[in-house]
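For clarity, every value in this text was computed on a predicted model and none was experimentally measured. Counting begins at 1 with the first residue of the sequence.
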Amino acid sequence: MAPPSSTVSNEQSQVQTLNLTIIPGLPNDLAALILVFVPYSHHSRLKSICKSWKLFFSSKTIISLRQKHLPPTTLSPLLCIFPQDPLIASPYLFDPVNLAWSPLPPMPCNPHVYGLCNFTSISVGSYLYVLGGSLFDTRSFPLDCPCPSSSAFRFDFVSFTWENLSSMINPRGSFACAATPNSDKILVAGGGSRHTMFAAAGSRISSVEMYDIGKDEWVPLDGLPRFRAGCVGFFVGNGEGEEEKEFWVMGGYGESRTVSGVFPVDQYYRDVVVMEMKNGGGGKWRELGDMWEEGERWRLGKIVVVEDGASDTPAVFMLDQSDIFRYEMASNSWVKETSVPRKTSDEASVGFVALDEELHVMTHLSGIKSKECQRLRQQKRSATLLIQIYHPRKKSWRCVTTNPPFHHPLDFKTAVMCTICL
């Protein structure tokens, strides 16, 4: 019997089983090693070169070969964008380095539900998870009320297929979510049934759950101190040594009030709550108080978290209109970091993500207030994306433009985005 540790020989044998020459004049194992250096975002286009390349770039070994032979710094940092309901519209991978777009297949369709939004997408390893959300269900009444979803899906980049996972204990949308560092677990907290079409309508919950990836099961943890939806979650600490991990949840909205007794308006939180993770499970919550004074701002802006490999404490940034703030954990306050060079006329529809330790501010050229951009719009179609990129360590800005493959301009108020390295 062959020893179970023969990983390299297994990969080589799987490559050799293609029975076709990948690159003429070279052994297949050497040719495969050369092709794994091609950025992942170009793989789908290279499949049309020849039959052997189609088989190779469709094989289950391509991801494992890239993760094994490429240094982590050379893996392709990609942005996964869900432009609308992923049950009917394909998500896309965007490579900001090579300005390349690559489609993914839509999620498994359910004929009874539609209009999925406010879900969360998160990556762990070579898997992409889509959790919860708000949707309309033809089996519920009344039909014009959104319902929270408890569904969970996972996309496997090795097999390039979607699969259904165990449903969450409590259905939720617009919730805090983060992957546990150095572990195969995902935490979700708060949420409700909020729908983008109905402002403050819907429910709020305080429940917290932890998903065990290996066991495919959800475990309930101590709930948040109060109802909270639309919040942001991230981890502090990697749990190595004597240090424990902490799950931080900030911002969001709780109860709602009405203006003139008719229009519902959310009441937003200014505080932060923290759960200390012990022995792989959850602990008690503690409250850190408000992050800003009354009248300073009325709600938390768009939040991104930049993981720092040299530190256990991530850098947390907020985009508030045209300014970017850095969160100071010691003082529980926000300090202005920089301002976006090119401001937009529609500050609500702006994408804000952290990718490869840089901050990406995404908007359409048609919404930029600049003579230079007006000149560019005459040369490019209005759907062109302008990406302004800020490097926190270098304190510098740069920008790129790209033409996304969507049929309509991307609406960042409803689009869902997450990052993944392949």
Side-chain angles (χ1 to χ4, degrees), residues 80-87 91 107 113-122 129-137 140 144-153 167-179 186-211 218 221 223-234 247-257 264-273 275 298-305 316 318-319 348-353 411-418:
C80 185
I81 302 179
F82 295 83
Q84 51 184 311
D85 184 352
L87 298 173
M107 287 192 339
V113 300
Y114 61 97
L116 179 65
C117 65
N118 293 325
F119 56 91
T120 294
S121 180
I122 188 171
Y129 294 82
V130 174
L131 308 174
S134 300
L135 47 77
F136 294 101
D137 194 327
S140 65
D144 60 345
C145 290
C147 303
S149 172
S150 62
S151 63
F153 298 90
S167 298
M168 291 185 288
I169 301 174
N170 295 287
R172 67 187 77 215
S174 300
F175 53 93
C177 178
I186 300 175
L187 256 68
V188 297
S193 63
R194 181 181 178 88
H195 199 283
T196 54
M197 295 177 59
F198 294 93
S203 62
R204 284 88 165 136
I205 62 176
S206 60
S207 71
V208 179
E209 303 174 35
M210 180 173 64
Y211 177 67
W218 294 87
L221 302 179
L224 294 165
R226 54 185 176 273
F227 296 145
R228 188 186 296 257
C231 43
V232 178
F234 58 90
F247 181 50
W248 288 51
V249 176
M250 59 173 51
Y253 49 87
E255 300 298 330
S256 63
R257 59 184 177 86
V265 177
D266 292 315
Q267 290 184 322
Y268 288 91
Y269 293 131
R270 305 195 304 267
D271 65 337
V272 180
V273 293
M275 172 189 282
W298 68 286
R299 60 171 296 180
L300 198 67
K302 295 185 176 182
I303 302 294
V304 297
V305 178
V316 183
M318 172 177 62
L319 177 64
S349 185
V350 176
F352 188 46
V353 318
D411 187 358
F412 290 105
K413 290 180 287 188
T414 57
V416 176
M417 300 184 291
C418 78

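Interatomic distance, Ser207 OG to Ile169 CD1, rounded to the nearest 0.5 Å: 8.0 Å. Between the CG atom of Asp271 and the CE atom of Met250 there is a distance of 10.0 Å, given to the nearest 0.5 Å. Distance CG/Leu131 to CZ/Phe153: 10.0 Å, rounded to 0.5 Å. Annotation: the span from Arg228 atom CZ to Ser174 atom OG amounts to 14.0 Å, rounded to 0.5 Å. To the nearest 0.5 Å, atoms CE (Met210) and CE (Met168) are separated by 15.0 Å. In this structure, CG in Leu116 is found 5.5 Å from CE in Met107, a value given to the nearest 0.5 Å.
Nearest heavy-atom pair across Trp218 and Ala152 is CZ2-CB, 4.4 Å. Among all heavy-atom pairs drawn from Ile186 and Ile122, the shortest one is CD1-CG2, 4.2 Å. Nearest approach of Gly132 to Phe119, heavy atoms of both residues: O-CB, 3.2 Å. Between Val208 and Gly223, the shortest heavy-atom contact is CG2-CA, 3.9 Å. Scanning both residues, Pro83 and Pro91, for their nearest heavy atoms gives CD-CA, 4.3 Å. Across all non-hydrogen atoms, the minimal contact from Cys231 to Ala189 is SG-O, 3.9 Å.
Residues Ser149 and Arg172 bring no donor and acceptor atom of their side chains to less than 3.5 Å of each other.
Residues Phe412 and Met417 are in side-chain contact: their nearest non-hydrogen atoms beyond the backbone lie under 4.5 Å apart. Inter-residue side-chain proximity for Cys80 and Cys418 is flagged as met; some heavy-atom pair is nearer than 4.5 Å. Put simply, the side chain of Thr414 does not reach to within 4.5 Å of the side chain of Cys117, judged on heavy atoms. Proximity of Phe136 to Cys147: side-chain heavy atoms (C-beta onward) are nowhere separated by under 4.5 Å.
Classification of the Trp298-Tyr268 ring pair by plane angle, with boundaries at 30° and 60°, yields perpendicular. Between Phe234 and Trp248, the angle of the ring planes stays under 30°, which puts this pair in the parallel group of the 30/60° scheme.
Here the rule is side chain to side chain contact (heavy atoms under 4.5 Å, CB included) with Phe175, and of Thr120, Ile205, Val249 only Thr120 fits it.
For Glu209 (side chain) and Asn170 (main-chain N/O), a donor-acceptor pair under 3.5 Å exists by modelled atom type. Of the possible polar contacts, one joining the Asp85 side chain to the Gly115 backbone as a donor-acceptor pair under 3.5 Å is found. In this structure, Arg204 contributes its side chain and Gly192 its backbone to no donor-acceptor pair below 3.5 Å.
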Carefully, step by step, assess Tyr253 and Phe227 under the rule ring pair (Phe, Tyr, Trp, His ring centres under 6.0 Å).
CA-CA 8 Å; Tyr253 49 87; Phe227 296 145; over 10 Å; no

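Taking the side chain to side chain donor-acceptor pair (under 3.5 Å) definition, one finds that Tyr269 meets it with nothing, sequence neighbours left out.
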